[in-house]
Q: 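The structure is given below, and queries will be raised subsequently.
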Amino acid sequence: MLRRSLENRDAQTRQLQDAVTNVEKHFGELCQIFAAYVRKTARLRDKADLLVNEINMYASTETPNLKQGLKNFADEFAKLQDYRQAEVERLEAKVVEPLKAYGTIVKMKRDDLKATLTARNREAKQLTQLERTRQRNPSDRHVIAETELQRATMDATRTTRHLEETIDNFEKQKIKDIKNIFSEFITIEMLFHGKALEVYTAAYQNIQKIDEEEDLEVFRNSLYPPDYSSRLDIVRANSKSPLQRSLSAKCVSGTGQVSTCRLRKDQQADDDDDDDEELDITEEEN
């Protein structure tokens, strides 16, 4: 019966050992993945800062409305990175560090398990020694062995009870910590994304306020300055071919010749009229 009790306690110890090993394995994995998540978030923040700088540099080269809209967008996006930095710091403190602390906690529980196993092995050794003593020399010598066995059994029972209490507290604390860690994670993410929604809404509105027509007018004015029309006329005049200029000159010359001929004809008609009047006067005198 004593050996059966010892075997039962050994099975219980192995179960407790498996529970600690399970926590050590999965909490370690969770800690590594959450830490990688935080590092990725921090790198995303750094890339966003580079994007803000590039948007500001590009905006400085653009037309007034587009420039102002892009700068306002960059300001909002930069504000979002401040919230992302706060997210990174909170995740590190509220999620990663508590999970990392379980490395130390698990080590302490393993030390408790080791002490319990040592006491169990001592008890099993004393039980085996007592059985051998009884078989070899059924005398009073086995009384000494029984005394040693009782002492070892009491020691094993005490360490087992302590281990049970320790593991029970460990399990209770583990469940509580898991709830707190994941609750903090959700709260931090909700807070960030709530702020992100506000910032993105403002950034969207700033982009939509850009006056396309006004900027297009500014662009056109930069291409075509006010004296563009007069300069265009000069260019057109200078771009006539020699044939066009010759035809124009001939038209002008022809017009002058026609006018001169008409003038000469008019003068000759006037002279003829004068001759006719002189002839009429002479006839009357006669």
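Here the structure is a predicted model, which is why all the values come from computation and not from measurement.
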Q: Give me the atom names and distance for the closest heavy-atom approach of P64 to V218.
A: CD-CG1, 4.0 Å
Q: Nearest 0.5 angstrom please: H26 NE2 to I33 CD1, how far?
A: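 The CD1 atom of I33 is 11.0 Å from NE2 of H26, to the nearest 0.5 Å.
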Q: Measure across A93 and E97 and return the closest heavy-atom pair with its distance rounded to 0.1 Å.
A: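 Taking every non-hydrogen atom into account, O-CB, 3.8 Å.
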Q: Taking 4.0 angstrom as the limit, do E76 and K79 come out as a salt bridge?
A: yes
Q: For F73 and F77, take the angle between the two ring planes, folded into 0 to 90°, and tell me which bin it lands in: parallel under 30, tilted 30 to 60, perpendicular over 60.
A: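 Judged by the thresholds at 30° and 60°, the geometry between F73 and F77 is parallel.
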Q: Please evaluate residues V23 and F170 with respect to the criterion side chain to side chain contact (heavy atoms under 4.5 Å, CB included), reporting the C-alpha separation (whole Å), side-chain torsions for both, the decisive distance (0.1 Å), and the verdict.
A: CA-CA 10 Å; V23 170; F170 172 75; 3.7 Å; yes
Q: Could you check if a side-chain atom of N56 sits within less than 4.5 angstrom of a side-chain atom of K71, using non-hydrogen atoms only?
A: yes
Q: With heavy-atom distances below 4.5 Å as the criterion, would you say the side chains of I105 and F27 are in contact?
A: no
Q: Do any N or O atoms from the side chain of D215 and from the backbone of N65 form a donor-acceptor pair under 3.5 angstrom?
A: yes
Q: Between the main-chain N or O of D18 and the side-chain N or O of N22, is there a donor-acceptor pair closer than 3.5 Å?
A: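 No; judged by distance alone, with no hydrogens or angles, the pair does not exist.
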Q: Determine, using the 4.5 Å side-chain heavy-atom cutoff (strictly less than), whether L216 and L66 are members of one ILVMFWY cluster.
A: no
Q: Any side-chain heavy atom of E54 within less than 4.5 Å of one from L50?
A: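 The answer is no, as the side chains (C-beta and beyond) never meet within the 4.5 Å cut-off.
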Q: Side chain to side chain contact (heavy atoms under 4.5 Å, CB included), that's the test. Do K40 and L44 meet it? Break it down for me.
A: CA-CA 6 Å; K40 291 284 187 182; L44 180 60; over 6 Å; no
Q: Can you name the closest pair of heavy atoms from I55 and A74 and give their distance?
A: CG2-CB, 3.9 Å
Q: If two hydrophobic side chains count as joined below 4.5 Å and joins carry through other members, does I188 share a cluster with L80?
A: no
Q: Using distance alone, with no hydrogens and no angle criterion, decide if Q85 and Q81 have a side-chain donor and acceptor under 3.5 Å apart.
A: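 There is no such pair between these side chains.
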Q: What's the verdict on side chain to side chain contact (heavy atoms under 4.5 Å, CB included) for R90 and F192, showing C-alpha distance, side-chain angles and the deciding distance?
A: CA-CA 11 Å; R90 289 168 182 164; F192 169 74; over 6 Å; no
Q: Report the distance from atom CD of E87 to atom CZ of F185, rounding to the nearest 0.5 Å.
A: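 With rounding to 0.5 Å, CD (E87) is 8.0 Å from CZ (F185).
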Q: Name all residues meeting the ring pair (Phe, Tyr, Trp, His ring centres under 6.0 Å) criterion together with Y83; count only those two or more places apart in sequence or in a different chain, and write none if there are none.
A: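 Testing Y83 for ring pair (Phe, Tyr, Trp, His ring centres under 6.0 Å), a comparison that skips the adjacent residues, returns none.
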Q: When rounded to the nearest 0.5 angstrom, what is the spacing between CG in N53 and CE in M57?
A: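 Answer for the CG-CE pair, N53 versus M57, is 6.0 Å.
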Q: Identify the two heavy atoms, one from G69 and one from I210, that lie closest to each other, and give their separation to 0.1 Å.
A: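 Shortest heavy-atom separation between G69 and I210 comes out as CA-CG1, 4.0 Å.
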Q: Assigning hydrophobic clusters by single linkage (Ile, Leu, Val, Met, Phe, Trp, Tyr; side-chain heavy-atom cutoff under 4.5 Å), is F182 placed with V96?
A: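 F182 and V96: one cluster.
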Q: Is the backbone of N180 close enough, under 3.5 Å, to the side chain of S183 for a donor and an acceptor to pair up by distance?
A: no
Q: Hydrophobic clustering (ILVMFWY, side-chain heavy atoms < 4.5 Å, transitive) - are V88 and V199 grouped together?
A: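 They do not share one cluster, since no chain of ILVMFWY contacts under 4.5 Å joins V199 to V88.
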Q: Nearest 0.5 Å please: distance from the OG1 atom of T41 over to the CG atom of D46.
A: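 So the gap between those two atoms works out to 11.0 Å.
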Q: How long is the straight-line distance from CD of E171 back to NZ of K109, given to the nearest 0.5 Å?
A: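 If I round to the nearest 0.5 Å, the distance is 11.5 Å.
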Q: Would you please test Y102 and Q173 for side chain to side chain contact (heavy atoms under 4.5 Å, CB included) and show each step?
A: CA-CA 11 Å; Y102 262 81; Q173 189 64 40; 4.2 Å; yes
Q: Distance from T21 atom OG1 to Q17 atom CD, nearest 0.5 Å?
A: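 Here the interatomic distance stands at 5.5 Å.
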Q: Looking at residues at least two apart in the chain, or sitting in another chain, which of them share a ring pair (Phe, Tyr, Trp, His ring centres under 6.0 Å) with Y204?
A: none
Q: Indicate, with yes or no, if Y58 and I207 share a hydrophobic cluster defined by side-chain heavy-atom contacts under 4.5 Å among Ile, Leu, Val, Met, Phe, Trp and Tyr.
A: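 Both belong to a single hydrophobic cluster.
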